[in-house]
Protein chains: 2
Amino acid sequence: MSDKSARLAIVDDHLIVLEGLQQLLLHAETISVAGSFTTGTEFLSFLKKNTIDIVLLDISLPDINGIDLCLEIKKLSPSTIVLALSNHSERSMVLQMLQQGASGYLLKNISGEELVACIHEALDGQITFSQAVKEIMSRPSVTELKGVPRLTKREKEILQLIAEGQTTPDIAATLHLSPLTVETHRKSLLQKFEVKNVALLIRTAVEQKLL
Amino acid sequence: MSDKSARLAIVDDHLIVLEGLQQLLLHAETISVAGSFTTGTEFLSFLKKNTIDIVLLDISLPDINGIDLCLEIKKLSPSTIVLALSNHSERSMVLQMLQQGASGYLLKNISGEELVACIHEALDGQITFSQAVKEIMSRPSVTELKGVPRLTKREKEILQLIAEGQTTPDIAATLHLSPLTVETHRKSLLQKFEVKNVALLIRTAVEQKLL
DNA sequence: TTATTTCTACCTGTTTCCAGGTATTTTTTC
DNA sequence: GAAAAAATACCTGGAAACAGGTAGAAATAA
């Protein structure tokens with residue numbers, strides 16, 4: 001970043017994590033913890049009056065979710081670098097955060113050196129991940145492995161209605177289609193999911209978080 | 001517990017949490033941190049050679065789950081008090097841990113004073129919860145609120161098979177029953193869940209974590 | 001502008017589901 | 001030992017699901 005030590009903020013509703021992070025960053029004299037916060041709003045109001053170079057941001061906060069908060073931070077102070085810090089290692093979460101302008105994603109099982117290294121990388125303008133996240137992002141997604149079918153708009157719509165308990169005639173009525181058309185889509189769904197009835201269809205759809 | 005300070009161990013795979021807890025317990029001179037571990041097996045082998053009065057135990061560990069670990073600890077050293085420490089606040093988790101001999105359940109958003117207070121309570125032989133857990137356990141369970149039907153053994157069995165995509169004749173074959181009997185149970189399931197077809201049956205069953 | 005995908009719709013026939021019962025036997029529970 | 005709950009099994013009839021096609025129009029991508 002620069003010559004002086006970087007001003008860092010921590011946002012996490014767990015006191016334990018706050019303390020732990022501060023402890024881990026104690027010996028990095030290039031980084032100074034300028035503040036720690038337990039809610040998103042708290043941090044936002046602080047950010048209005050102070051300059052922060054980088055923020056370690058817990059994704060699950062009591063008042064606002066990390067994705068929205070990230071957006072707010074970037075709106076308020078585009079130069080502030082956001083590093084997501086989370087227990088959850090779902091690809092979709094990582095991608096969403098990056099999309100909102102985060103510069104990296106760290107899991108809470110990160111080590112001290114790794115944490116410092118990642119902060120420096122982020123300050124240098126790079127995108128950075130903790131080791132565990134790198135692995136998750138590099139290996140083929142579960143979606144690809146499981147072969148989650150890509151559904152068309154109509155199919156998603158009809159899947160949703162099936163999951164709501166609607167029968168083929170019902171769905172035809174709500175979508176203003178011929179029941180025969182609905183049956184065709186229904187058949188496509190069963191084929192794409194490689195299942196032979198709605199029971200399995202619903203279960204696998206739920207498992208694959210499509211419902 | 002006694003006159004000297006209590007020997008406490010921490011088991012958590014997150015370095016941040018380890019550091020944070022140590023920090024929070026630094027000023028409690030009645031408690032001394034005798035060791036911190038990132039895996040269950042690591043701690044178990046330590047416990048074989050050392051005396052530990054109380055252990056703060058993360059439920060989600062890489063090598064062994066908290067419930068099994070708790071049982072192992074109690075087998076190895078029945079006098080060691082186990083306090084579960086977790087991010088997850090599901091009733092069932094809390095109950096399972098207590099059943100395995102844990103003396104309490106703390107969420108990671110606990111404050112420093114609360115943590116020390118809970119440790120002391122546990123050392124005094126009491127069952128202790130962090131504030132957030134108390135609230136969860138005191139209010140009526142989601143199960144009761146939602147009116148999750150209580151299913152008979154057979155019904156659960158058949159529900160499971162339906163969810164696996166088996167048809168009535170299939171189920172009859174696998175359970176060596178008349179298809180007509182299976183149909184009767186199937187009807188009971190639909191009635192108890194107050195749904196009108198399998199699609200809804202499966203969805204609500206999944207939602208209520210029965211599948 | 002092709003080529004491909006998606007959406008639409010139809011046909012036939014079998015199987016399964018679902019709704020409405022009734023009823024006996026076995027197991028629990030009180 | 002009586003009562004309640006659970007498990008078994010049956011019947012009828014209509015509705016819906018599922019399997020196996022075909023096929024034209026419309027939208028999208030190359």
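This structure is a prediction, so every number in the text was calculated from the model and none was measured. All chains are named by letter (A, B, ...) in the order of the sequence lines, taking the proteins before the strands, and each is independently numbered beginning at 1.
- Helix-axis bend for the helix from C:dT1-D:dA30 to C:dC30-D:dG1: the local axis fitted to the five terminal pairs at one end deviates from that at the other end by 70°, rounded to 10°.
- Taking only side-chain nitrogens and oxygens, B:S178 comes nearer than 4.0 Å to OP1 or OP2 of D:dC10.
- Following rounding to the nearest Å, B:R150 (CZ) and D:dA5 (C1') show an atom-to-atom distance of 9 Å.
- With sequence neighbours left out, B:E121 forms a side chain to side chain contact (heavy atoms under 4.5 Å, CB included) with B:Q126, B:T128.
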For residues 159-173 of chain A, which side-chain N or O atoms pair as donor and acceptor with protein atoms under 3.5 Å away, sequence neighbours left out?
unit_1 : atom_1 : unit_2 : atom_2 : d
A:Q160 : NE2    : A:E164 : OE2    : 3.4
A:Q166 : OE1    : A:I171 : N      : 3.4
A:T167 : OG1    : A:D170 : N      : 3.4
A:T167 : OG1    : A:D170 : OD2    : 3.2
A:T168 : OG1    : A:R186 : NH1    : 2.9
A:D170 : OD2    : A:T167 : N      : 3.1

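- Applying the ring pair (Phe, Tyr, Trp, His ring centres under 6.0 Å) rule to pairs touching residues 168-210 of chain A yields nothing, sequence neighbours excluded.
- Listed by first and then second residue, the salt bridge (Lys or Arg N to Asp or Glu O under 4.0 Å) pairs involving residues 72-88 of chain A are A:E72-A:K75 (not counting sequence neighbours).
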Can you give one letter per nucleotide of nucleotides 14-30 of chain D, going 5' to 3': B for a protein heavy atom under 4.0 Å from the base, S for sugar-phosphate only, - for none?
--SBBSBB---------

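- Partners of A:E157 under the salt bridge (Lys or Arg N to Asp or Glu O under 4.0 Å) rule, at least two apart in sequence or in another chain, are A:R154.
- Take A:S111 and apply the side-chain hydrogen bond (donor to acceptor under 3.5 Å, both in side chains) test, not counting sequence neighbours, and it matches no residue.
- Where DNA chain C meets chain A (any atom under 4.0 Å from a heavy atom), the bounding nucleotides read 5' to 3' are C:dT6 to C:dC10.
- The side chain of B:T181 places no N or O atom within less than 4.0 Å of a non-bridging phosphate oxygen (OP1 or OP2) of D:dT8.
- Between A:L85 and A:L107, the shortest heavy-atom contact is CD1-O, 4.4 Å.
- The salt bridge (Lys or Arg N to Asp or Glu O under 4.0 Å) test applied to A:E155 returns A:K192, not counting sequence neighbours.
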Name the atoms and distances for all side-chain donor-acceptor pairs under 3.5 Å in residues 54-63 of chain B, with sequence neighbours left out.
unit_1 : atom_1 : unit_2 : atom_2 : d
B:D63  : OD1    : B:G40  : N      : 3.1
B:D63  : OD2    : B:G40  : N      : 3.1
B:D63  : OD2    : B:T41  : N      : 2.9
B:D63  : OD2    : B:T41  : OG1    : 3.0

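- Applying the ring pair (Phe, Tyr, Trp, His ring centres under 6.0 Å) test to every pair with at least one member in residues 36-95 of chain B, sequence neighbours left out, gives these pairs: B:F37-B:F43, B:F37-B:F46.
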